[in-house]
Amino acid sequence: MPSLKSHVVSFVLRHSRKKAFSSPENLQRWIAAARKTESHQPPASLHQHLDIQMHTVDGFPVYEIAPRAGEQKRMLYLHGGAYVFEITPYHWHLIADMANRLGYGITVPIYPIAPEHDFHAMFGMVGDVYRRMLDETEAEDIVFMGDSAGGNMAVVLTMMAAEQALPLPSRHVLISPGLDMSLSNPEVFEAERRDPWLGISGGMEAVRLYSAGFDRSDWHISPLYGDLSVLPKTLLLTGSHDLLSPDNLIFAQKARAVGVEVEVVYEEGMFHVWPLIDMPEARRARDSIVTFLTGEKTFGQAEIEAITWSVKASSNEPFNTGLASTKIASTMSSSRSGW
């Protein structure tokens with residue numbers, strides 16, 4: 001069952017952040033308020049144990065966390081924030097944890113956000129960042145990782161790179177990614193009622209602000225409708241109380257159908273981007289990320305495996321939102337959560 005701390009966090013979100021996504025007007029007010037206090041800089045404590053440097057690409061900051069000595073692999077981390085909010089300390093602490101545990105060099109672009117900028121500016125900048133990474137690192141040593149809007153960007157960036165015949169990253173790690181903005185799946189309306197954070201009305205306003213005139217069903221905005229066959233082996237983390245979860249599970253089904261190997265960690269009771277929050281479920285999720293990227297099992301791996309639904313390209317088993325939810329939830333009765 002979900003931990004006590006996750007219940008507390010969910011309660012706080014429902015009575016605070018949920019308001020931002022309750023209407024277009026509320027989202028606009030939250031954006032205006034955020035601009036007065038936002039800072040993209042890493043928390044000072046991270047500099048004490050990580051070598052973090054900053055440079056610019058296309059006039060926007062890019063932070064580089066140096067790899068462990070002898071490590072060749074690099075990660076491009078694309079932060080979430082509904083395309084309108086800046087990177088937060090929660091993102092930075094997750095990134096720092098990955099840097100410490102994996103030893104990878106990690107590139108963190110502070111990409112242009114809406115409403116001041118749009119899709120073209122965002123992907124122009126992150127596309128240039130990726131090209132520079134390719135100048136220094138083989139694509140097989142590059143991983144894309146992103147949460148929420150950043151998960152969407154990781155998938156779209158890979159599809160755009162494929163169109164341009166660029167080498168593609170070796171793996172994706174997608175945390176609660178936004179993969180279908182078309183609202184064509186009726187399950188999302190029921191999911192909205194369970195979600196303590198996201199709301200459809202405010203979310204659609206965020207999409208309007210950044211989409212630069214693309215239709216919401218265009219793959220540039222909703223990569224669920226793009227060429228999924230170009231995607232690398234993927235780890236997707238989603239929870240039962242996330243508005244985006246129904247579309248996440250459909251994405252896994254469709255990606256498997258075109259030969260992509262996907263592993264889905266579906267955690268009962270979890271809300272949007274829960275791996276960013278310091279609580280037991282997040283620690284399990286982070287263990288699953290490390291295992292996925294390194295192949296080395298971590299402490300508590302048996303518990304992780306109990307909630308991981310592996311979707312193999314060679315499998316012919318049916319996979320739909322109902323089956324995935326039922327099968328994975330049935331394993332959770334033996335999985336314990338504490339503080």
**Message:** I'd like to know if the side chain of R286 and the backbone of P275 have a donor-acceptor N/O pair within less than 3.5 Å.
**Reply:** yes

Going by heavy atoms in the side chains, are [X] and [Y] under 4.5 Å from each other?
X: L157; Y: L76; result: yes
X: N152; Y: P177; result: no
X: L231; Y: F251; result: yes
X: I142; Y: L134; result: yes

Side chains of [X] and [Y], donor plus acceptor under 3.5 Å:
X: H241; Y: S10; result: no
X: T88; Y: H91; result: yes
X: S23; Y: S201; result: no

Pairing residues for [X] by the salt bridge (Lys or Arg N to Asp or Glu O under 4.0 Å) criterion, not counting sequence neighbours:
X: R194; result: E190
X: K73; result: D141
X: E86; result: none
X: D118; result: none

Checking [X] now: which residues fulfil side-chain contact (heavy atoms from CB on, under 4.5 Å) with it, not counting sequence neighbours?
X: A257; answer: none
X: S229; answer: D227, V258
X: A149; answer: Y83
X: P89; answer: P43, H93

**Prompt:** How are the rings of W197 and H272 set relative to one another: parallel (under 30°), tilted (30 to 60°) or perpendicular (over 60°)?
**Reply:** perpendicular

**Asked** Would you call the rings of H120 and F214 parallel, tilted or perpendicular if under 30° counts as parallel and over 60° as perpendicular?
**Response**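 Tilted.
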
**Message:** Show every side chain to side chain donor-acceptor pair (under 3.5 Å) that has at least one partner inside residues 56-69, sequence neighbours left out.
**Reply:** H40-Y63, H55-E64, E64-R74, E64-T107

**Item:** Pairs where residues 160-170 contributes a residue and the test side chain to side chain donor-acceptor pair (under 3.5 Å) is met, not counting sequence neighbours
**Value:**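 Non-adjacent pairs meeting side chain to side chain donor-acceptor pair (under 3.5 Å): R131-Q164.
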
Inter-residue atom distance [X].[atom1] - [Y].[atom2], 0.5 Å rounding:
X: I65; Y: L50; atom1: CD1; atom2: CG; answer: 5.5 Å
X: F60; Y: H117; atom1: CZ; atom2: NE2; answer: 4.0 Å
X: S222; Y: D247; atom1: OG; atom2: CG; answer: 8.5 Å
X: S288; Y: L293; atom1: OG; atom2: CG; answer: 9.5 Å
X: K254; Y: L224; atom1: NZ; atom2: CG; answer: 4.5 Å
X: I250; Y: E187; atom1: CD1; atom2: CD; answer: 6.0 Å

**Prompt:** OH of Y90: more than 12 outside heavy atoms within 6.0 angstrom?
**Reply:**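 Incorrect, the count does not exceed 12.
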
**Prompt:** Who passes ring pair (Phe, Tyr, Trp, His ring centres under 6.0 Å) against F189, sequence neighbours left out?
**Reply:**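 So F189 forms no ring pair (Phe, Tyr, Trp, His ring centres under 6.0 Å) with any residue.
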
**Item:** Lys/Arg N to Asp/Glu carboxylate O, R283 vs D278, below 4.0 Å
**Value:** yes

**Request:** With sequence neighbours excluded, give me every salt bridge (Lys or Arg N to Asp or Glu O under 4.0 Å) pair touching residues 8-34.
**Result:** none

